Each structure stands twice: as C-alpha cells, then as structure tokens.
2 protein chains.
Amino acid sequence: MSIHSLTMKQTRTNLSDADTRREAIIEAALLAFADAGFQATPVTAVAARAGISQAYVFKLFPTKEELFIAAVERCFTRIEETLEKSAQTVSSGDADAMLYAMGDGYASLIADRSILMIQVHAQSASDVPAIRATMRGGLKRIVTYVKQRTGASDEAVQRFIAFGQLCHLITTTDIDELGEDWARLVARGIRHVPAI
Amino acid sequence: MSIHSLTMKQTRTNLSDADTRREAIIEAALLAFADAGFQATPVTAVAARAGISQAYVFKLFPTKEELFIAAVERCFTRIEETLEKSAQTVSSGDADAMLYAMGDGYASLIADRSILMIQVHAQSASDVPAIRATMRGGLKRIVTYVKQRTGASDEAVQRFIAFGQLCHLITTTDIDELGEDWARLVARGIRHVPAI
DNA sequence: GCCGATAGTGAGTATTCACTCACTCACCAT
DNA sequence: ATGGTGAGTGAGTGAATACTCACTATCGGC
C-alpha cells in the first residue's frame with residue numbers, strides 16, 4: 001500500500017484518492033463506534049458519517065472488525081500525540097510535573113468522549129482476539145512511552161494508568177454531573193475541560 | 001411475589017415456581033453476558049444455559065435490557081457481599097488494613113472473570129440510560145459502603161476504586177499472562193487467586 | 001374428576017445487518 | 001477513439017435475533 005503510493009507519486013499530480021478515503025473513514029469510524037460500540041454500530045452508520053457508500057467502506061476495510069481495529073489504533077496514536085504535546089510544556093527533569101501535565105493533557109483529550117468511549121468499547125469487545133491484541137499493543141505503547149519519556153517510578157506510572165481508567169468510569173457513568181458526596185469523592189481532583 | 005412463594009412453599013413436584021426460575025435465569029445471564037457482552041449475547045444463550053425455553057425467559061424478563069440489568073445488579077450485590085466478608089476478617093479500627101483486605105477479597109472474586117466482565121460490558125453499554133443508571137447505582141452502593149465501613153480517607157477510597165478499574169484493564173487485555181517489563185509494571189502488586 | 005391458575009414451549013414474524021456482486025463512471029496513456 | 005484501471009455504488013442475500021402468540025402440561029383445591 002505504501003509502496004504503491006510511493007511508486008505512483010511521481011506520475012500522479014493528485015495524491016491517491018483511496019488513501020484520503022481511508023482517512024475519512026477512520027475518522028468517521030472513531031466517532032460512530034464511540035457512540036454505540038463495536039457490536040451495536042452498523043457499518044452503514046460509519047459510511048453515512050463519511051459520506052460514502054457502505055459497499056465502498058467494505059472495499060477498503062474487508063470486515064467490520066478490521067474497521068473497528070483501525071479506529072482503535074488511531075485512538076492510541078492520538079493519545080500518544082497528546083501526551084507528547086503535554087510533555088513538551090514541561091522541563092525534562094521533573095518526572096512528577098511531567099506526569100501531572102500528561103494527566104491534564106489526557107483529561108482534555110477525552111473531554112469530547114469519543115477517544116474515551118472507543119477504549120471502553122474495545123475493552124468490552126476484547127473477547128475478539130484481534131481486538132484484545134490491539135488493546136494490548138496500545139497499552140504497551142502508552143506505558144513504555146510514559147515510562148521512558150518521564151522517567152517516573154513504576155508506581156507512579158501504574159498510578160497514572162489506574163487513574164486514567166478511573167476517568168473512564170467517571171465519564172461513562174456521568175457521575176461528574178452529580179452533586180452527591182460519594183460522587184465528589186470519586187471524581188475529586190479529576191480535571192474537566194468542558195467539550196465545546 | 002414473595003408472599004406468593006411463602007404460601008406455596010409447602011407443595012412442589014415437577015414444576016418449579018417462578019422465583020426459583022428467575023434466580024436460575026439471573027445466574028445464567030451473569031455467565032452468558034459476561035462471555036460476550038450485552039449486544040453480542042442472544043437471549044437464547046441465556047435460556048440454553050438456564051435449561052429453559054427462550055420464550056419463558058421473555059415471560060419473566062420482558063426485554064433483554066431488563067435481563068441484563070438484573071445481571072448487573074446481581075453482580076454488584078455479590079461484590080458487596082464479598083467486601084463485607086473481607087471486612088469481617090479485620091478488626092474495625094484499622095482503615096488501611098480493612099481496605100487492603102477488601103482489595104484482596106475483590107481480587108479473588110473477579111478471578112473467575114464473570115463479575116469483572118459484566119461490569120466492563122455494562123460500562124460499554126452505558127449509552128442505554130437504564131444501564132447507565134444501574135451502573136451509577138452500583139457504584140454508589142460500593143463507594144458509600146466502603147467509605148462508611150472502613151472509615152478510610154476520601155483519597156484512599158478513590159484509590160481503591162481506581163485500582164479496581166486497573167484490575168479490569170489488566171484482565172481484559174490478559175497482560176498478567178505476559179512476561180514483559182511494561183506488563184509487570186502495570187500489574188505490579190495486583191494479587192491473583194487463580195480460578196479453580 | 002374437574003376448574004382455575006400458573007409453569008412452560010414450538011413455531012413463528014419482522015427486522016436488522018454483515019457482506020457480495022455486477023455494474024457504472026471518470027480518467028488517462030496510447 | 002479506445003481500452004484499461006481504479007473509484008464508487010444500488011440492489012441484493014442469507015443469517016441472526018428480539019420479541020410474540022397460540023398453545024399444552026401440571027398443579028392444588030374442591
């Protein structure tokens with residue numbers, strides 16, 4: 001695929017249209033699957049969002065599973081980009097400050113829910129081997145990246161991941177919109193950047 | 001319903017009473033839904049597990065949604081029971097020791113995966129309002145129970161919940177069966193009681 | 001023995017959806 | 001102009017499945 005686009009590059013003035021379409025479809029899939037999950041989202045919903053016929057989606061992604069996996073992979077890529085951006089706002093010495101900044105960055109990334117929900121849905125669909133493998137791969141990327149980039153202790157990194165998961169629980173249950181004491185306890189210290 | 005079963009209690013032969021069947025169905029639902037989630041589990045699977053016709057399952061639980069919710073509720077009940085049992089093994093003064101014991105108890109409860117997976121699936125299906133409400137109710141029960149019973153600080157209770165969520169991630173991705181460094185970092189200190 | 005009620009089911013129906021296929025169209029090199 | 005290639009689609013198909021209904025079986029009480 002990449003070889004193909006490379007060899008084509010000289011003869012074509014325009015970039016390959018199929019790759020552009022793939023992009024559009026992945027972005028549409030990210031949003032569509034985030035809404036209702038792997039099983040409950042028909043690929044017609046993805047196609048409609050991308051403004052493309054369902055048949056062509058299947059030509060580019062032969063199965064719904066591959067389509068979903070592409071969306072999950074994209075989600076992890078976006079998380080890494082966000083963490084890196086946060087890291088750059090902090091001097092490279094202070095591990096805790098960098099972890100904190102990354103936490104902030106992640107909190108605002110998931111403010112629009114789709115990045116968060118894709119992960120929750122992928123976790124739920126992880127009885128499908130390829131999906132579980134993708135989740136494992138994504139987690140590995142993030143953990144090793146955070147550990148190396150911040151140089152924080154194992155405990156701190158583990159805590160970082162654990163509180164990320166807590167964010168997911170808070171959002172899926174909507175408890176941050178609840179005024180009750182127990183809810184404030186759970187959501188304490190979790191930052192919110194309201195979605196625009 | 002309970003009045004009825006009381007008056008009927010003396011007599012029985014071939015047919016069982018509806019409450020017994022409800023019980024059997026909820027237990028079957030717990031296992032069946034844990035396998036594949038709300039959307040991907042047909043209620044025929046629940047019926048088959050309970051050894052009952054699908055039509056009768058629908059007579060007792062008018063919609064699949066209600067059936068799933070019953071399973072989720074049962075899951076939270078079982079968690080509470082387990083936490084209480086753990087609490088009783090520890091003297092009532094030491095909040096940290098009690099939280100620790102509860103963590104242990106929870107870890108062995110979710111060793112068989114079904115209690116854990118139901119929660120993950122429920123989280124994923126939480127765009128269904130009634131399911132989200134059930135999750136919120138269950139979380140409320142657990143948080144308020146743990147806080148009151150242990151008397152631990154808000155921070156400690158929040159951490160307890162966060163690391164529970166981390167357990168879910170570890171299990172769904174199977175990373176505890178991985179020898180790699182990053183995986184050990186994430187799973188460090190999480191206890192495992194192997195399923196029998 | 002029969003009656004009223006409760007337990008229980010076989011055989012549907014209507015719909016949704018993953019995936020397929022035969023086809024058209026736009027473009028470009030010869 | 002022509003033929004070849006890749007982008008793109010309309011119209012299916014077959015299987016799965018949530019839910020229904022008309023029906024039978026079993027029971028306790030009289």
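Below, all heavy atoms of this structure are taken into account, side chains as well, without hydrogens, waters or symmetry copies. Every chain is numbered from 1 and lettered A, B, ... according to where its sequence line falls, protein lines coming before strand lines. Everything quoted here is computed from the prediction, not taken from an experiment.
Between R22(B) atom CZ and L67(B) atom CG the span is 9.5 Å, to the nearest 0.5 Å. For the atom pair CD of E66(A) and CZ of F58(A), the computed distance is 10.5 Å after rounding to the nearest 0.5 Å.
A 4.5 Å side-chain heavy-atom check between I170(A) and L166(A) finds at least one atom pair inside the cut-off. H121(A) places a side-chain heavy atom less than 4.5 Å from the side chain of M117(A). The shortest side-chain heavy-atom distance between I115(B) and Q119(B) falls under the 4.5 Å cut-off.
Considering only side-chain N and O atoms, R21(B) lies nowhere under 4.0 angstrom from the phosphate OP1 or OP2 of dA7(C).
A heavy atom lying under 4.0 Å from DNA chain C marks none of the residues of residues 118-134 of chain A. Shown for residues 49-64 of chain B: residues whose heavy atoms fall under 4.0 angstrom of DNA chain D, namely Q54(B), A55(B), F58(B), T63(B), K64(B).
Taking each heavy atom of Q39(A) and Q39(B) in turn, the nearest pair found is CB-CB, 3.6 Å. Scanning all heavy atoms of the two residues, the minimum distance from A152(B) to A156(B) falls at CB-CB, 4.1 Å. Residues R132(B) and D174(A) share a closest heavy-atom pair of NE-OD2, 3.5 Å.
Atoms CZ (F68(B)) and P (dA18(D)) sit 13 Å apart, rounded to a whole Å. Here the P atom of nucleotide dT17(D) and the CG atom of L67(B) are 15 Å apart, to the nearest Å. R22(B) places its CZ atom 16 Å from the C1' atom of dG8(C), with the value rounded to the nearest Å. The CD1-P distance, from I25(B) to dG8(C), rounds to 9 Å in whole Å. When rounded to the nearest whole Å, the span between CG of D17(A) and P of dT9(D) equals 11 Å.
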